[in-house]
Structures are given as C-alpha cells and as structure tokens.
Amino acid sequence: MAAKAFLCLAGLVCLAAAAAPSRLKLTPGRYNTTAGPVDDKLNVHIVAHTHDDVGWLKTVDEYYMGANNSIQNAGVQYILDSVVLQLRLNPNRKFIYVEIAFFKRWWEEQTDATKNEVRGFVNSGQLEFINAGWCMSDEASPYYVDMVDQQTLGHQFLLKEFGTAAIPHTGWQIDPFGHSAFMATLYALMGFNSWFFGRIDYQDMLVREAALTLEMVMKPSPSLGDAVDIFTGVMHGYGPPSGYNFNIGSSDAPINDDPRLEGVNVDERVDGFVAACQALAAQYRTNNIMLTMGSDFQYNNANTWYKNLDKLIHYTNLDGRVNAFYSTPTIYTNAKHAAQLTWPAKTDDFFPYADHPHAFWTGYFTSRPALKGYVRSRSNYLQVCRQLELQTPAVGSSQTLWEAMGLAQHHDAVSGTEKQHVADDYARHLSNGTAACRVVVESGLAALLGEPALALTDCPFLNQSVCDATTAGVDTVVVAYNPLGRARKEWVRLPVPASRRLAVQDATGLAVPVSLTPIAGQPALQTAVFQLTVPPLGHTTAFLTFSAADDNLSAPAPEQPVGATDSIENGVYRMTFDTTTGLGLTLTDLRTGVVTKFTHTWGWYNASSGNVASDQNPGQASGAYIFRPNCTENVPTPCHPFAVDSGAVQLTFTRTANVQEARQVFSPWVSNTVRLYANAEAIELEYTVGPIPFQDGLGREVVSIWQTDLATQGVFYTDSNGRDMMKRVMNYRPTWQLNITDPV
C-alpha cells in the first residue's frame with residue numbers, strides 16, 4: 001500500500017507541475033498566413049527585411065562573401081540564397097531588398113531557373129525592391145548628382161532584368177544619420193509615393209510621439225513647390241519589437257507550439273506581441289502600423305525568421321485582438337493613403353541628428369576629408385567620362401567608375417564612418433574606376449582633336465604639385481574639357497620648372513597671359529596661372545612652350561607685409577590684413593564700396609573620450625560619427641576652442657597680374673592661402689591641415705573659425721546636397737523646442 005500511495009502522490013505532483021493548456025488552439029506545422037488589411041482592427045504590417053551595408057566594419061567584398069567574420073558575422077550571398085528558399089515554401093511570405101550592389105553580384109551567379117523563379121516572386125509581390133539604389137546613400141555628404149547616379153544605376157539593373165514591375169515606389173533610408181530635403185525631392189521626382197527612415201533627433205522623436213506626427217507630408221523644395229510633396233514616415237529604428245528577433249543566434253525565445261515539448265509559450269508570445277503593437281499604435285494615426293522584422297545582415301538563415309513569423313501571424317490572428325500579416329512599405333503606404341487624412345507638413349530637414357543629450361552626429365560632416373574630396377573629384381571625372389563615351393568613338397567604358405561611385409555614396413563611405421581598411425577599399429574601387437575611365441577620356445579627347453592615335457595623359461596629383469607632363473620643362477599641349485552646358489572661363493594652375501621660361505598660346509595661336517607664383521617648400525618649381533575659355537560640352541587647347549630661363553620671368557618671391565595693414569585685390573574685392581597679427585581685417589567690394597569686417601583663424605577642441613561624470617550617454621566618445629568636445633557636459637555657456645597658433649601668424653603676399661595671394665602659416669601643421677584671381681567674383685581659400693599632433697595624448701577636433709560684423713541675428717543658410725538652400729537659425733528648431741545640452 002505504501003508503494004502504491006507513493007506512485008499516486010508522484011502522479012499528483014507531476015500533474016500539478018504541468019503547464020496550463022494554451023487558450024489558443026495549437027496546430028503545429030499548420031499556419032494560416034493569408035491575412036491582409038481589414039477595416040475593423042489594428043492592422044500590423046510585418047515587413048521582413050535585412051539592412052546590408054555595402055561596407056562599414058568589413059569591405060563590400062567581405063560582406064558579400066561572408067569573409068573576415070572575426071570582425072562581424074555577415075555574408076550577404078547566404079542571406080539571398082536563404083530568403084529565396086523560404087519564399088518558395090510559402091507564397092504568402094514577403095521580403096524587401098534595397099542594395100542592388102549586392103543583389104547584382106548574387107544575381108550573376110544564379111542559374112536561369114533560379115532567375116526565372118525570382119522574377120516570379122517579383123511579379124507576384126513576394127519580393128519587392130525598395131529604394132533600390134546601388135546602396136543606401138548618405139544624405140549629408142553626397143552631391144545631388146551622385147545621389148541621382150547611384151539610384152539610376154540600381155534602377156537600370158532592375159529594368160533590364162525584371163522590367164517595370166520591379167521599379168520601387170518607396171524610399172527606405174532607415175540607417176543614415178539625419179535626412180536631407182533633397183533626398184525627399186529626389187524620391188518625389190522619381191515617382192515614389194513615400195519614404196521611411198529610422199533616425200531623427202531624440203527630442204524631436206519625443207514631441208512627435210506625443211503629438212501623433214511621426215508621419216507627415218514633407219514639402220522639401222520651395223523652388224519646385226507642391227510637385228515634390230511626399231508622404232514621410234519616421235520609425236523607431238529599423239529592428240523588431242524587443243523580444244521578437246528571430247534571427248539565428250538571437251537570445252529571444254522562439255515560438256513553441258508543440259504540446260509534446262516543454263516550454264509551450266504561444267499565449268505568452270502572442271500577449272507580448274499584441275501589447276507591443278498596441279503601444280506602437282498609440283503613437284501613429286490610422287489603424288495601420290508597420291513592424292520592421294529584421295536588422296543588419298539578418299536572414300542568413302531565413303528559416304528561423306519565417307518559421308516563427310508564420311506562427312506569430314497565425315496565432316495572433318487566432319487571438320483576434322489585432323490583425324497581422326506579411327506586408328511591404330508599399331502596401332503600408334497604400335493603406336495610409338486610403339485613410340484620406342490630412343497629414344501635418346514639414347518644410348525643413350532632419351539635420352542635425354542627436355540620439356542622446358551628448359551625442360550630436362555632426363562629426364561625420366568632416367570625417368575623412370581626403371576621401372570626401374576624392375569622391376567629389378571622381379564625380380566630375382565620371383561626368384566627363386560618360387560624355388566622351390557617348391559623344392566620341394572612345395575606347396572603354398564608364399561602368400567601373402559608375403559602380404565605384406555608387407558604393408562611395410553609402411552612408412558608411414563618403415560619410416567617413418567606416419573602418420580604415422574599408423576606407424582604403426573604397427579608394428581602391430575609385431582608383432580602379434578612374435583607371436578604366438582614363439582610357440575613355442584619353443581616347444575620346446584624341447578623337448575630338450582629330451588625332452585618334454595621339455597619346456594623352458592626365459595629372460591626378462596636382463594637389464601635390466606633381467605633373468610630369470609640365471614639370472619636365474618640355475613643350476606640352478594642354479587639353480581642357482568642359483562637361484557643363486554653358487561656356488566657362490577657368491583659371492588653370494600647373495606646376496612648371498623654375499629654371500625654364502614659359503609661354504602659353506591658345507587654340508588660335510594667340511598669346512595667353514601667364515603668371516608665375518612660388519610653391520611653398522619646392523624652390524625648383526613654380527605654379528603657372530593662366531585663363532582658358534572652354535565652350536559648353538566642348539574642349540579647347542593651350543600650347544605650353546618652354547625655353548631657356550629668364551630671371552625676369554621667374555615667379556616673384558613672397559613679399560613681407562608693409563605697414564600696419566596690407567592687402568591683396570583683383571578689381572572686384574580687396575582683402576586687408578593686420579600685419580601685426582597676420583589675420584584678416586576687412587573685405588571690401590570695390591564695385592559697391594561695402595566693407596565687411598572679418599577674421600579667420602583656426603582652432604581645436606579636445607575630443608571627449610566619453611568618460612564623463614554624467615548618466616546621459618557617458619560612453620559616447622567624439623569620433624567619426626559625433627562631434628563632442630570634452631568641455632560641453634553640463635555647462636550653461638558655450639565652450640571655446642584652443643587656438644592653433646601660439647603667437648603672430650606668419651603672413652606673406654604674392655602679387656601678379658593674374659592672381660594675388662596671401663599665405664598664412666598658423667602653426668607647423670596648419671596653413672592656408674587666400675587667392676584673388678583677376679576680376680573674379682569669388683575668393684579661393686586653400687588650406688593644409690596636418691599631420692595633426694597627438695604626442696600629448698589629446699584628440700583634436702580641428703575647426704575653421706570665421707568671425708564677421710554681419711548682423712545675421714543667428715540666421716544662416718546651407719545647401720541641401722547642392723540644390724535648394726535651407727534656412728537655419730542658431731539653437732532653434734522650427735517644429736520643436738530645442739534643449740541645448742552641448743553648447744559650443
């Protein structure tokens with residue numbers, strides 16, 4: 001009897017410890033995922049996606065191949081392989097993809113059968129391309145032409161391989177660090193109906209959450225007006241709700257609906273999901289919300305995502321409180337438009353971006369300036385290459401440089417936020433593209449000159465006063481090409497030997513006035529400065545003839561300033577300098593007599609290491625992303641930079657007929673030259689910064705400081721990627737009350 005009682009007691013204990021049965025009927029392996037939007041419930045649009053940087057911690061090739069995973073475990077080819085397999089298993093599943101630089105690589109490796117299957121996914125709406133540029137571009141650093149080009153590159157691929165069915169209707173800028181008005185303008189001009197992003201200032205986000213204005217109509221261009229209005233949505237980042245990341249390796253619990261196993265959690269997971277959806281819905285208008293189910297380089301094993309999403313959709317809809325279904329941003333936009341609401345308008349942009357009180361993402365505006373300059377110069381070269389490719393029987397193709405420029409617009413490329421070996425790789429791609437285009441340019445110009453066999457060369461290192469064709473001191477023909485649709489008068493600067501006499505003639509044989517200026521630190525060379533007129537979309541030539549040296553024609557030696565003040569001028573402007581301090585004093589417009597006081601200096605802030613006595617993001621150091629001096633935390637007044645110069649600035653002048661220069665040396669590592677070309681309505685400033693000293697262990701954020709007597713009232717203007725001008729007011733935001741936490 002005792003043994004029998006014990007067995008009964010053990011059975012009772014076992015029954016008492018068993019989980020309560022699920023309130024939802026469990027159907028392991030059988031899930032209804034056919035749902036779509038309805039009118040009488042909260043519609044939860046589940047958007048399966050991956051965000052694939054075309055370079056960041058790893059190079060674009062490493063990311064595609066899944067190489068160098070000690071840095072980051074990511075392989076895009078496996079993501080696309082896996083997603084295609086999972087779409088094949090369930091026609092209700094959907095997926096969106098953005099970066100065509102990756103997709104094209106993958107596509108070219110596929111069999112015809114796979115390509116036809118993927119075309120079927122596109123035509124049925126299972127696979128939708130969103131944005132579909134070569135990359136997801138940065139929005140602060142690129143020039144508008146390059147933004148257009150990288151979008152065009154991606155869309156041309158889609159048109160060729162899929163037809164018009166694949167062309168996107170939605171912009172998707174989920175990761176860039178602030179958003180420009182031109183980006184909205186471009187999307188509207190491309191025929192997009194909406195765009196979405198995941199980052200805005202944390203203070204702006206709080207205001208919009210409370211006011212239900214996370215979705216709006218952007219009116220980005222005063223010049224183009226209502227024609228470029230576009231529906232705009234702000235998301236809470238671009239990842240899934242907390243606890244619902246089903247990527248392989250995630251610590252979030254999968255959905256267990258098998259009663260044979262311990263840990264059945266369907267009720268718990270549905271309740272948590274519904275609560276998250278309802279909380280999110282409280283911040284948006286209409287009965288539609290969008291969930292981004294994915295994140296950086298996810299879906300490398302898409303089965304873990306889709307198997308759990310199938311369950312989540314099925315059991316959530318069985319629960320009945322909300323209506324969940326596979327969707328895309330385009331379907332979501334259509335649902336928003338169908339509501340026929342009047343949305344709030346926004347006429348400014350989303351710069352600058354801060355995600356914490358001491359983390360203003362403005363450092364990347366100037367990070368890696370050499371790479372930024374290289375990208376900008378390659379943009380010009382690409383336009384020349386393309387035009388000659390089309391206008392002439394040139395040899396070669398612009399495609400390699402076009403694709404390299406597409407990569408360079410990425411929000412971790414031209415932004416300067418990538419790792420060093422990745423920056424080197426972007427430069428390598430640009431260099432390879434330049435080499436390919438050099439063949440086009442040289443053969444195209446030779447054809448325009450009527451001498452196809454003529455050997456031409458270019459001088460890519462003019463910034464270092466290196467040009468073998470001109471410094472050798474032998475007669476040279478210079479060919480100048482103008483890619484603009486208007487005639488240009490341009491000042492040409494070329495290094496030439498100081499030991500040779502130089503004469504310049506134009507294409508008609510007329511003498512061209514040439515001036516010579518010294519090159520600091522290179523006494524054997526001097527700079528020849530002369531002006532050429534180049535027709536629109538055309539070329540001209542100049543003939544450089546060298547002969548024996550003539551002391552009277554050598555570059556004048558730099559002059560020391562004379563008197564209390566001294567100046568340079570060009571018939572349009574006069575710039576006056578204080579000869580004691582070496583700094584600028586006034587700028588006079590000689591046509592109107594208007595005098596503006598100014599001073600230009602250089603300074604540096606000590607960069608914050610992030611280790612400050614604050615509970616507000618104490619670990620965020622100043623660096624590639626953010627600008628954060630170590631003197632701004634919890635102080636009521638702006639902190640000021642240290643001066644670069646330790647005393648009087650060394651000031652010298654060079655005055656010639658074609659150009660007058662004022663050279664200022666602030667320190668052994670900072671100098672600049674101000675130039676006034678004859679009769680030019682512009683002032684040129686060329687500066688050299690570096691190598692930046694670090695022996696004292698202090699990080700330096702170097703700043704160029706201009707002070708004037710202009711009564712601006714804190715108002716100034718910046719361009720939006722080279723297009724419309726944006727009005728800005730110091731320490732003010734037009735749609736929310738700014739709390740200044742980093743005064744500088």
Please report the interatomic distance [atom1]([X]) to [atom2]([Y]), rounded to the nearest 0.5 Å.
X	Y	atom1	atom2	answer
Arg675	Ile568	CZ	CD1	10.0 Å
Ile705	Thr601	CD1	OG1	4.0 Å
Asn672	Gln664	CG	CD	5.0 Å
Thr533	Lys489	OG1	NZ	5.0 Å
Ile519	Gln464	CD1	CD	12.0 Å
His179	Met183	NE2	CE	10.5 Å

Locate the shortest heavy-atom distance separating [X] from [Y]; write the atom from each residue and the value.
X	Y	result
Ala528	Val514	CB-CG2, 4.0 Å
Pro352	Thr362	CB-CG2, 3.6 Å
Thr586	Phe598	O-CE2, 3.3 Å
Pro497	Gly473	CG-CA, 3.7 Å
Pro142	Asn721	O-ND2, 3.0 Å
Ala446	Leu456	N-CD1, 3.9 Å

Quick one: do the [X] and [Y] side chains pair a donor with an acceptor below 3.5 Å?
X	Y	value
Ser221	Asp724	yes
Glu403	Gln399	yes
Thr508	Asp506	yes
Thr545	Asp475	no
Gln420	Asp424	yes
Glu559	Thr652	no
Asp138	Ser141	yes

- Query: Are Tyr687 and Trp602 close enough that their ring centres sit under 6.0 Å apart?
  - Reply: yes
Check for a donor-acceptor pair, side chain of [X] on one end and backbone N or O of [Y] on the other, with a separation under 3.5 Å.
X	Y	value
Ser720	Arg723	no
Gln150	Gln409	no
Thr470	Pro495	yes
Arg700	Pro693	yes
Ser367	Ala624	yes
Thr712	Gly714	yes
Asn658	Val529	yes
Gln151	Met147	no
Thr471	Cys467	yes
Thr476	Val474	yes

- Message: Looking at Asp709, I want to see if its CG is surrounded by more than 12 non-hydrogen atoms of other residues, nucleotides or ligands under 6.0 Å.
- Response: yes
Under a 4.0 Å N-O cut-off, is there an ion pair linking [X] with [Y]?
X	Y	answer
Arg386	Asp149	yes
Asp425	Lys419	no
Arg655	Glu569	no

With a 4.5 Å heavy-atom cut-off, do [X] and [Y] have their side chains touching?
X	Y	answer
Arg500	Val496	no
Leu494	Thr527	no
Val644	Trp669	yes
Tyr573	Ile683	yes
Met575	Ser567	no
Thr540	Tyr481	no
Ser547	Arg501	yes
Phe653	Arg663	no

Ring-plane angle category for [X] and [Y], please: parallel below 30°, perpendicular beyond 60°, tilted otherwise.
X	Y	answer
Phe351	Phe365	perpendicular
His600	Trp706	parallel
Trp361	Phe177	tilted

- Task: Check the pair Thr654 / Gln660 against side-chain contact (heavy atoms from CB on, under 4.5 Å), numbers first and verdict last.
- Result: CA-CA 6 Å; Thr654 300; Gln660 296 195 5; over 6 Å; no
Is the Lys NZ or Arg CZ of [X] less than 6.0 Å from the centre of [Y]'s six-membered ring, within 45° of the axis?
X	Y	answer
Arg376	Tyr143	yes
Arg493	Phe530	no
Arg728	Phe716	no

- Message: Checking Ser398 against Glu389 for the side chain to side chain donor-acceptor pair (under 3.5 Å) test, could you report, in this order, the C-alpha distance in whole Å, the side-chain angles of both residues, the deciding distance, and whether it holds?
- Response: CA-CA 7 Å; Ser398 62; Glu389 185 179 17; 2.6 Å; yes
- Under the ring-ring contact (aromatic ring centres under 6.0 Å, His included) criterion, do Tyr144 and Phe182 qualify, and how do the steps go? CA-CA 8 Å; Tyr144 78 95; Phe182 176 71; 5.8 Å; yes
- Verdict with reasoning, Tyr364 to Phe627, per ring-ring contact (aromatic ring centres under 6.0 Å, His included): CA-CA 8 Å; Tyr364 79 100; Phe627 169 59; over 10 Å; no
- Item | Working for side chain to side chain donor-acceptor pair (under 3.5 Å), residues Gln531 and Tyr677 | CA-CA 10 Å; Gln531 191 175 54; Tyr677 292 101; over 6 Å; no
- Could you check Glu681 against Arg591 for salt bridge (Lys or Arg N to Asp or Glu O under 4.0 Å), going step by step and ending with a plain yes or no? CA-CA 11 Å; Glu681 297 181 347; Arg591 300 161 299 180; 2.9 Å; yes
- Message: One pair to check against side chain to side chain donor-acceptor pair (under 3.5 Å): Asp566 and Thr579. What are the steps and the verdict?
- Response: CA-CA 7 Å; Asp566 207 341; Thr579 58; over 6 Å; no
- Item | Among Asn482, Leu445, Val441, side chain to side chain contact (heavy atoms under 4.5 Å, CB included) partner for Val384 | Val441
